[in-house]
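Below: the structure, in structure tokens.
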There are 2 protein chains.
Amino acid sequence: MANRCIIYQQNGDPTQVLSAITFPKLPSPSPNTVNLKFLLAPLNPADVNTIEGDEPVFVGGNEGLGQVVEVGDGVEGLEKGDWVVMDKPQLGTWSTSRNVSFKDVIRLPSAGLTEAHGATMTVNPTTAYNMLSNFANLHQGDWVIQNGANSAVGQLVVQIAKERGLNTINFVRSRDDMEPLVKHLEGLGATKVLTYDDLEDRSLRGKIKEWTGGKDIRLALNCVGGEPTTAMAKLLGQDSHLVSYGAMSKKPLSLPTSLHIFKNLTSHGFWQTNWTKTHSRAEKEELIVKLAEMMKEKKIKAPEHTIETDEEATTKIRDVFAKVAQGKFGKKVLLKLEDVSA
Amino acid sequence: MANRCIIYQQNGDPTQVLSAITFPKLPSPSPNTVNLKFLLAPLNPADVNTIEGDEPVFVGGNEGLGQVVEVGDGVEGLEKGDWVVMDKPQLGTWSTSRNVSFKDVIRLPSAGLTEAHGATMTVNPTTAYNMLSNFANLHQGDWVIQNGANSAVGQLVVQIAKERGLNTINFVRSRDDMEPLVKHLEGLGATKVLTYDDLEDRSLRGKIKEWTGGKDIRLALNCVGGEPTTAMAKLLGQDSHLVSYGAMSKKPLSLPTSLHIFKNLTSHGFWQTNWTKTHSRAEKEELIVKLAEMMKEKKIKAPEHTIETDEEATTKIRDVFAKVAQGKFGKKVLLKLEDVSA
């Protein structure tokens, strides 16, 4: 059998530069490495930045669920059959198999997780969890406001907030039939669902005050940018935090300076890749254990997804990234590459 | 003798609502209060916000130098003749005399300070000192970038940075004859002086890299807003802080979200009034002592100023605030009100 992976030999438009190749079965892992079989690996919008970027990566894929197939000498804490997630960016998860240092993976707690849960653990749930935890020192009963609430991270914010006893006000684009989306988000635990159009409604401030009982909202999460984000920031109270993790509108973040000066608003960015680089292994393991626990208890659902197998993988990947370029996100696509006969 | 003060009986345009009145000599101070004679009190641009705002203040003036004339029972740590500054906003310093709680003032270290130093201690120098100290954990040899470098705070930033061994890159508006301004700022300790036009120069980044030896700039101070501030923020390195304390251009702060996410830029506001409210008396006294020390050692010059006496005070105040409304700042105007015969 031979292995398969999705590569790019030059940086550029993902719809142009990606291709699938076959490569010989890997040798047994050298000391301190393990051989992984990748069970599932998602396509994330951020992969576009990497592929278009200027760092020469050969095998694509930042996130994924691996299973330990063989353990090299000196490896600690991992056994054959264990499920692992990546503890380093860009390890090349769009592959059937790979030998990696045992220090570059984190073992998942066994049992109770689906493959889809495991494969989508380290980018979106960690982002949602960290943004809710690291900025505004929130306590049970506090309120969080977010835009892009229907994005993958947005839906996780709703669920993790719910689990932590936080209330959420969730903004989405308006559409002809709002009801299914509102039902869906409320089903995940959303306290309130509104549209960007509602931000122009003069009665909104009063409505929100009624909901919160006048309590200041001190955390806003933003993946949109532009005018609706300015309007959302104005709903925040004293000493609040605006955390941006995306810019779907491709418009900059524009804030009246007075919000910074007189309301002591602080505007941050959040990038999970940077968090991973700047935190200890113990902190990262602790986070993974917490998230896996919530997933096992069905407090966090796996994202709606389709699984694409090898045969059509590159075509599918190109389609996905063509949609991402247009700002459209459908169901999460998870790759399941299979070894082929050499 | 009767006392004089500048009042406003309604909020509104300072050129309309301010007037001077005479009031009977104050009684001896009640327990825990002191009687102050105000020696000098500045007009600050921020006074406009207060006067136009919605908090009913009667006597104008937020900042000023008082001298203790009489001490009530129970007062600790203050004696007749002491110089004090205000430890609370809006105590009404545009007055000849006032009785205030001894807990609402901070004694200045005696000797070596001019009246102009004392009268302008608690707004601008504290702002400059705190912005340099509280955000980016800077060390000797680090670089700071600022706009509005010729503003009152900007000039203090230059001097305090110099004293702390920090290098400054200072942006000002371009003018026909730049030399006197450049000389002036360099005389105060500016490392480099540039104009907003230079921000459009493609060679600027290379030039700055040469100056800093490639060291990241991690603190930018902004009192302008708008496009030049966006351009300035792009000169910052990884994990940097943009601190806004004014918006002279009246344009919002617009930042590419990518600066927040990928360079971990944090955008803050700073308002000394809020700092005063949220810090202990010991912290505030410590800061005043540090600043007074630098002033005595001539490391901080008193701002260029004119002193206006009672006779024409209201006319002068209205002129000053008319200019502020047009975004023009001349020399600092310090009021010296005098008691009148009743």
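Chain identifiers are assigned alphabetically (A, B, ...) following the order of the sequence lines, protein sequences preceding nucleic acid strands; residue numbering begins at 1 within each chain.
Among P256(B), A247(B), G246(B), G225(B), the residue with the largest count of heavy-atom pairs under 4.5 Å with chain A is G246(B).
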Considering distance alone, list the donor-acceptor pairs between chain B and chain A shorter than 3.5 Å.
{"residue": "L253(B)", "atom": "N", "partner": "L255(A)", "partner atom": "O", "Å": "2.9"}
{"residue": "L253(B)", "atom": "O", "partner": "L255(A)", "partner atom": "N", "Å": "2.8"}
{"residue": "L255(B)", "atom": "N", "partner": "L253(A)", "partner atom": "O", "Å": "2.8"}
{"residue": "L255(B)", "atom": "O", "partner": "L253(A)", "partner atom": "N", "Å": "2.9"}
{"residue": "H260(B)", "atom": "NE2", "partner": "S267(A)", "partner atom": "OG", "Å": "3.3"}
{"residue": "S267(B)", "atom": "N", "partner": "S267(A)", "partner atom": "O", "Å": "2.7"}
{"residue": "S267(B)", "atom": "O", "partner": "S267(A)", "partner atom": "N", "Å": "2.8"}
{"residue": "S267(B)", "atom": "OG", "partner": "H260(A)", "partner atom": "NE2", "Å": "3.2"}

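With a 4.5 Å cut-off on non-hydrogen atoms, L265(A) touches chain B through its backbone but not through its side chain.
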